[in-house]
Structure formats: C-alpha cells, structure tokens
Amino acid sequence: MVLSHSGSPLVVLLGPPGAGKGTQAERLARGFGWKKISTGDLLRDEVARGTPLGRRVNEILQRGQLVPDDIMTDIVENFIAHHCPKGIILDGFPRTLAQAEALERCSQGKRLWVISIEVPEEEIMRRLSARRVCRKCGKIWNLNDKIWDHTPTPDGTHLDSEQATPRCDCGGELVVRDDDRPEIIAHRLEIYRQQTAPLVQFYRDRGQLIEIGGTGTPDDVFNKVCEELKRKLEVGSS
Ligand code: AP5
Ligand code: MG
C-alpha cells in the first residue's frame, strides 16, 4: 500500500490483551513501511536473552503486571528519537497516564493518532487460549484460524489440526506465551481496565482517538484501520 507521508505520523495501538494489537501492528508496518515497536515482544526478547533488563522484568511479565513507567518511557523515547523519518507504530505503549504524558512530551511535532481496538472479553479469552507464537521469528498464530489446517510445514507437508507439534511457516517452533495462562489473562484484563482503559477518554478529549471494532477477520480489521488512518492523514496534510 502506498500512502503519502507528509509530516511524520505516530500511531498508537491501544486495546486489551488479545485485541489484535500485535497482529495489526505487523500489517501496518508492512503496509505503510513504518517502523514499529511492540513493547511486550521487546521485553520478552530481553528475558529470553537473559539481559540485565530481562532479569529485572521477568517476574513482572510472568505475573502479568506492568513494568515500571520509567523503564518503558526510556525505551520508547529512545526508539522514537532514532526512528523518525517516515512513521512509527507503537504497539503496547502507552499503558498508563504517566506513559501517555511522557509520550506527549517526546512526540512534539509528530501527528499522533491512537487506534483503540475494541473486542468483547469472551472473544479475548477464546483468542488468547488458542494463541501460539513462533519462537524463531515471533509471528503470531491462532489455533482457531481455518488457515491453520493448510499451513505448510518446512518439509512441504501439511499439518492437520489434530497433529501435535505445530510449526511456523519459517520452520520455528510455535509456543504458548507464559502469560497466556487463564489466571494471568484475567489479571492482565483487570490491569487493563484499571490502568490503561482510562487512556481511551484521555485521547478522545484530545481529538486523537480512532475507535475500531476489533471483531471480524484480521483482514476486516486491517481494512477498517487503513480507511480511518488514510482519512486522518489526508485531512492532516491538506
Ligand atoms: P503485550 O505483549 O503487549 O501483551 P498485551 O497487551 O496483553 O497484548 P497481547 O500481546 O496479549 O495481545 P494483542 O492485542 O497483541 O493481540 P494479538 O495480535 O497477539 O505485553 C506483555 C507484558 O509486557 C505486559 O503484561 C507487561 O508486563 C509488559 N509491558 C508491555 N508494554 C508495557 C508498557 N507500555 N508498560 C508496562 N508494561 C508493559 O492477537 C491475539 C490472538 O488473537 C492471536 O492468536 C491472533 O492470531 C488472534 N487474532 C488477532 N486478530 C484477530 C481477529 N481479528 N480475529 C480472530 N483472531 C484474531
Ligand atoms: Mg501483542
């Protein structure tokens, strides 16, 4: 997809766990040629590599709590400072009012749009209990997807849904995220309601909110997001 880039848009994906932020961030980055940062992926990678930051946040992630604001703000400020030319997608930041205020300070001069993806909680539980993530490339899968039955394995054969060891199309092993256990999902949803959901009103008040229904296929959601974003970017550049 080709969009004109007048100015430098900064697009936030906001929504509860399982809303499809990561799925849409991936598509937007590919479709618009923008840089994305998925803060949860970045933290999990630090944990997997056993870095000092990874060791510090490991237990927080396992419990489904939020990492302290100062750590997250430093990471994102640094990312924005180094990736400004075209456009930036923030998947999973901000998640608190303090983070939103920090973003406001460091995003001066950029056009900030916040896409709030709304999905009912029963659907979230259904999606997260069937999510699998590739250990090698990070691609997000879901056992509920029909496409699953037709996914080629590296040796050219096809899995069927009854087979035990699912693999990504890159050949990587597909794993369940540590925080996708039912009790941790419930806790993450509670944290979302308390600490992150108030940001919807925060951005609505600033006229920066784009509300998108997150049900329907990932393609349906992507089309809605693109339509709304294009409209905002065109208006902003005229
Ligand atoms: P993070 O990794 O960001 O987790 P999250 O916000 O809980 O969101 P998820 O990644 O679980 O869901 P998603 O919305 O990306 O959905 P996805 O596209 O995968 O954060 C993890 C942890 O890191 C936090 O708990 C916290 O500890 C820490 N952290 C991160 N950022 C932080 C911050 N700023 N401050 C403090 N701490 C922070 O989709 C879910 C599933 O549904 C997939 O299987 C997908 O295939 C499927 N799916 C997607 N779209 C659709 C659709 N339209 N229809 C059907 N299925 C779909
Ligand atoms: Mg995600």
Side-chain angles (χ1 to χ4, degrees), residues 12-29 36-47 53-54 56-77 79 89-100 102-103 115-134 138-148 151 166 168 174-181 184-197 199 212-225:
V12 168
L13 290 166
L14 184 67
K21 302 182 296 296
T23 301
Q24 296 303 323
E26 186 55 46
R27 284 161 189 249
L28 285 168
K36 80 161 169 102
I37 179 169
S38 296
T39 47
D41 291 351
L42 182 145
L43 294 167
R44 282 184 290 277
D45 182 57
E46 296 281 338
V47 171
L53 174 60
R56 185 162 170 206
V57 302
N58 185 15
E59 207 183 310
I60 300 176
L61 263 68
Q62 299 267 349
R63 291 203 308 257
Q65 311 270 75
L66 292 186
V67 170
D69 287 334
D70 56 336
I71 296 182
M72 298 314 301
T73 301
D74 280 354
I75 292 172
V76 172
E77 279 182 3
F79 183 85
I89 301 157
L90 301 181
D91 160 20
F93 184 98
R95 267 173 144 99
T96 63
L97 203 52
Q99 292 181 14
L103 180 62
I115 298 172
S116 167
I117 308 179
E118 292 141 20
V119 176
E121 286 198 7
E122 319 80 76
E123 172 66 6
I124 285 173
M125 296 306 280
R126 195 184 77 90
R127 288 183 187 181
L128 292 185
S129 53
R131 173 165 59 187
R132 298 294 181 272
V133 181
C134 176
K139 185 167 173 182
I140 304 165
W141 295 85
N142 199 291
L143 299 180
N144 295 325
D145 289 347
K146 301 250 181 302
I147 190 175
W148 182 258
T151 303
C168 182
L174 296 186
V175 294
V176 178
R177 259 174 52 177
D178 285 347
D179 58 355
D180 275 349
R181 285 172 287 140
I184 304 293
I185 297 172
H187 185 57
R188 284 158 59 210
L189 280 168
E190 186 54 31
I191 297 225
Y192 175 79
R193 282 191 289 267
Q194 286 172 9
Q195 303 206 42
T196 310
L199 297 186
I212 298 283
T215 51
T217 67
D219 282 346
D220 292 338
V221 178
F222 184 60
N223 288 338
K224 285 189 268 183
V225 169

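Each ligand, and each atom within it, is numbered from 1 in the order the structure gives.
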Please check if the side chain of [X] supplies one atom and the backbone of [Y] the other of a donor-acceptor pair under 3.5 Å.
{"X": "Asp178", "Y": "Leu61", "value": "no"}
{"X": "Lys36", "Y": "Asp91", "value": "no"}
{"X": "Arg95", "Y": "Gln195", "value": "no"}
{"X": "Arg27", "Y": "Phe222", "value": "no"}
{"X": "Thr39", "Y": "Gly92", "value": "yes"}
{"X": "Lys21", "Y": "Pro16", "value": "yes"}
{"X": "Gln24", "Y": "Pro218", "value": "yes"}

With rounding to the nearest 0.5 Å, note down the distance linking [atom1] in [X] to [atom2] in [Y].
{"X": "Leu97", "Y": "Thr196", "atom1": "CG", "atom2": "OG1", "result": "10.5 Å"}
{"X": "Glu121", "Y": "Ile124", "atom1": "CD", "atom2": "CD1", "result": "5.5 Å"}
{"X": "Gln194", "Y": "Thr96", "atom1": "CD", "atom2": "OG1", "result": "13.0 Å"}

Which atoms of ligand 1 are found less than 4.0 Å from any heavy atom of [X]?
{"X": "Gln99", "answer": "33 (C), 34 (N), 35 (N), 36 (C)"}
{"X": "Pro16", "answer": "14 (O)"}
{"X": "Gly40", "answer": "1 (P), 2 (O), 20 (O), 23 (O), 30 (C)"}
{"X": "Arg44", "answer": "2 (O), 21 (C)"}
{"X": "Gly214", "answer": "53 (N)"}

What protein heavy atom sits nearest [atom], and how far away is it?
{"atom": "atom 55 (C) of ligand 1", "value": "Arg127 NE, 3.6 Å"}
{"atom": "atom 39 (O) of ligand 1", "value": "Thr23 OG1, 3.7 Å"}
{"atom": "atom 34 (N) of ligand 1", "value": "Gly92 O, 2.9 Å"}
{"atom": "atom 12 (O) of ligand 1", "value": "Gly18 N, 2.8 Å"}
{"atom": "atom 43 (C) of ligand 1", "value": "Ile140 CG2, 3.4 Å"}
{"atom": "atom 16 (O) of ligand 1", "value": "Gly20 N, 3.2 Å"}
{"atom": "atom 4 (O) of ligand 1", "value": "Arg177 NH2, 3.2 Å"}
{"atom": "atom 28 (C) of ligand 1", "value": "Leu43 CD1, 3.6 Å"}

At a non-hydrogen distance cut-off of under 4.0 Å, which region of [X] contacts ligand 1 (side chain, backbone, both, or neither)?
{"X": "Tyr192", "value": "neither"}
{"X": "Thr217", "value": "backbone"}
{"X": "Ala25", "value": "neither"}
{"X": "Arg131", "value": "both"}

Could you tell me whether some N/O pair between [X] and ligand 1 is separated by less than 3.5 angstrom?
{"X": "Trp141", "result": "yes"}
{"X": "Arg126", "result": "no"}
{"X": "Thr39", "result": "yes"}
{"X": "Ala19", "result": "yes"}
{"X": "Gly15", "result": "no"}

Just to be sure I'm reading this right: ignoring hydrogens, which of [options] gets closest to [atom]? Compare them by their nearest heavy atoms.
{"atom": "atom 37 (N) of ligand 1", "options": "Val119, Val67, Leu103", "result": "Val67"}
{"atom": "atom 47 (C) of ligand 1", "options": "Thr215, Asn142, Asn144", "result": "Asn142"}
{"atom": "atom 15 (O) of ligand 1", "options": "Ser38, Gly22, Ala130", "result": "Gly22"}
{"atom": "atom 27 (O) of ligand 1", "options": "Lys21, Arg95, Gln65", "result": "Gln65"}

Stepwise salt bridge (charged side-chain N to carboxylate O under 4.0 Å, His left out) test for Asp180 and Arg132: CA-CA 9 Å; Asp180 275 349; Arg132 298 294 181 272; over 6 Å; no

For the student: nearest non-hydrogen atoms of Gly216 and Arg127, plus distance: O-NH2, 4.4 Å

Flag for Thr217-Asp220: side-chain donor and acceptor within less than 3.5 Å: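 Asp220 vs Thr217: donor-acceptor pair found between side chains.
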
CZ (Arg56) with more than 12 external heavy atoms under 6.0 Å: no

Pair Arg126-Glu122, salt bridge (charged side-chain N to carboxylate O under 4.0 Å, His left out): steps then yes or no: CA-CA 6 Å; Arg126 195 184 77 90; Glu122 319 80 76; over 6 Å; no

